[in-house]
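Below, each value reflects all heavy atoms present in this structure, side chains not excepted, and no hydrogens, waters or symmetry copies.
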Amino acid sequence: MFTPNWQINASYSYIDAIITNDANESLIGARKQNTPRQSENLWTRYNFGASSPLKDLGVGFGVQYQGNKLPWFDRTFTIPAFTIFDAALYYNPGRSNMQIAVNAGNLFNKNYWLGAQNYLRLFPGAPRNGSVTLTCRF
C-alpha cells in the first residue's frame, strides 16, 4: 500500500542511437558507440511514521541497469550489460532541517564496465563503496 512515507523514483530509456554522418561511410547507419540501447533505474525510500519507534529513520534501496554497448574504436566485441544495487539509511532527528545519510553503492561488489575505447582500454565501474552525507536545509 502506498503511503506518504514511501517514495519511488523509476526511469526507463530506450535510445536507438545510430551514426548518421561519418568520414567512413561504412559506419553510417551503425550503432553509436558507448551508448546502451536500454537503461533502467529504480530508487525507493521509506521514512518510518511519527508513531513508530523508528520515527527519525528512513531506508532506501535502488537498482541500476544498463544494456550492452560497443566500444569506441573496436566493433569486434560488446561491453556487457550490468545491474548494480545500492542502499541507504537516513536519520532525520526530530524531523528537523538536518539529515544524515549513510549510502552504500554497488552492494554486491559487481565488476562492470562503464565504457571502452578498445579491448585494452576498458573503463571500470566503481567497486563497492560508501559515503556519509550531512544535509542542512535553510
Side-chain angles (χ1 to χ4, degrees):
M1 172 171 216
F2 291 102
T3 72
N5 295 346
W6 187 17
Q7 303 169 13
I8 299 174
N9 295 302
S11 66
Y12 170 79
S13 69
Y14 177 81
I15 303 172
D16 190 15
I18 60 169
I19 298 169
T20 59
N21 188 5
D22 196 280
N24 181 350
E25 290 186 9
S26 69
L27 292 176
I28 296 174
R31 184 175 169 193
K32 182 75 176 106
Q33 304 94 323
N34 279 326
T35 305
R37 282 203 176 104
Q38 297 184 61
S39 297
E40 301 169 25
N41 185 23
L42 172 70
W43 182 261
T44 184
R45 174 179 171 165
Y46 182 79
N47 297 317
F48 293 94
S51 62
S52 168
L54 302 174
K55 67 182 178 188
D56 294 336
L57 295 177
V59 294
F61 180 75
V63 59
Q64 299 174 50
Y65 168 81
Q66 276 192 19
N68 66 16
K69 298 172 244 172
L70 292 170
W72 278 109
F73 303 118
D74 186 349
R75 293 180 167 272
T76 62
F77 73 100
T78 58
I79 304 159
F82 66 86
T83 303
I84 57 172
F85 298 88
D86 305 317
L89 291 173
Y90 305 96
Y91 176 64
N92 187 346
R95 304 288 178 175
S96 67
N97 291 336
M98 182 177 71
Q99 174 182 274
I100 299 169
V102 177
N103 294 72
N106 193 3
L107 283 174
F108 303 112
N109 204 29
K110 172 143 178 102
N111 291 322
Y112 64 100
W113 307 103
L114 292 172
Q117 289 183 340
N118 56 37
Y119 192 72
L120 299 175
R121 292 196 90 170
L122 296 162
F123 306 117
R128 182 182 303 123
N129 60 85
S131 65
V132 176
T133 57
L134 172 65
T135 304
C136 296
R137 294 186 185 99
F138 51 92

- Message: If you define the side chain from C-beta out and look only at heavy atoms, does anything of Y14 sit under 4.5 Å from Q38?
- Response: yes
- Task: Please name the pair of heavy atoms, one in I19 and one in D22, separated by the smallest distance, quoted to 0.1 Å.
- Result: CG2-CB, 3.9 Å
- Message: Do N47 and Q7 make a side-chain contact, defined as non-hydrogen atoms from C-beta onward lying under 4.5 Å apart?
- Response: yes
- Applying side-chain hydrogen bond (donor to acceptor under 3.5 Å, both in side chains) to Q99 and not counting sequence neighbours gives R45
- Would you kindly confirm whether I18 and I28 end up in one hydrophobic cluster when ILVMFWY residues are joined by side chain heavy atoms under 4.5 Å apart? no
- Message: In the structure I gave you, are the side-chain heavy atoms of W113 and P124 within less than 4.5 Å of one another anywhere?
- Response: yes
- Query: Sequence neighbours excluded, which residues qualify as side-chain hydrogen bond (donor to acceptor under 3.5 Å, both in side chains) partners of Q117?
  - Reply: R121
- Identify whether Y65 and F108 are in the same connected component of the hydrophobic contact network (ILVMFWY, side-chain heavy atoms under 4.5 Å). no
- Is the number of heavy atoms from other residues, nucleotides or ligands within 6.0 Å of CZ (F123) greater than 12? yes
Donor-acceptor pairs under 3.5 Å, side chain of residues 84-94 to any protein atom, not counting sequence neighbours: which ones?
from, atom 1, to, atom 2, distance (Å)
D86, OD1, N106, N, 2.8
D86, OD2, Q64, NE2, 2.8
N92, OD1, S96, N, 3.1

- State, to 0.1 Å, how close I8 and W6 come at their nearest heavy-atom pair, and which atoms those are. CD1-CZ2, 3.5 Å
Under 3.5 Å, which donor-acceptor pairs link side chains of residues 67-82 to any protein atom two or more places apart or in another chain?
from, atom 1, to, atom 2, distance (Å)
N68, OD1, R31, NH1, 3.2
N68, OD1, R31, NH2, 3.2
K69, NZ, Q66, OE1, 2.9
K69, NZ, L114, O, 2.5
D74, OD1, T76, N, 2.9
D74, OD1, T76, OG1, 2.6
D74, OD2, T76, OG1, 3.3
R75, NH1, R31, O, 3.3
R75, NH2, R31, O, 2.7

- Under a single-linkage definition using a 4.5 Å side-chain heavy-atom cutoff for Ile, Leu, Val, Met, Phe, Trp and Tyr, are I100 and Y46 assigned to the same hydrophobic cluster? yes
- When rounded to the nearest 0.5 angstrom, what distance separates CZ in R37 from OG in S13? 12.5 Å
- Task: Decide if atom CG of N111 counts as having more than 12 heavy atoms of other residues, nucleotides or ligands within a radius under 6.0 Å.
- Result: no
- Task: Can you sort out the partners of N103 under side-chain hydrogen bond (donor to acceptor under 3.5 Å, both in side chains), two or more places apart, ordered by chain and number?
- Result: none
Would you give me the side-chain donor-acceptor pairs under 3.5 Å for residues 126-138, sequence neighbours excluded?
from, atom 1, to, atom 2, distance (Å)
R128, NE, L107, O, 2.9
R128, NH2, L107, O, 3.3
N129, ND2, P127, O, 2.8

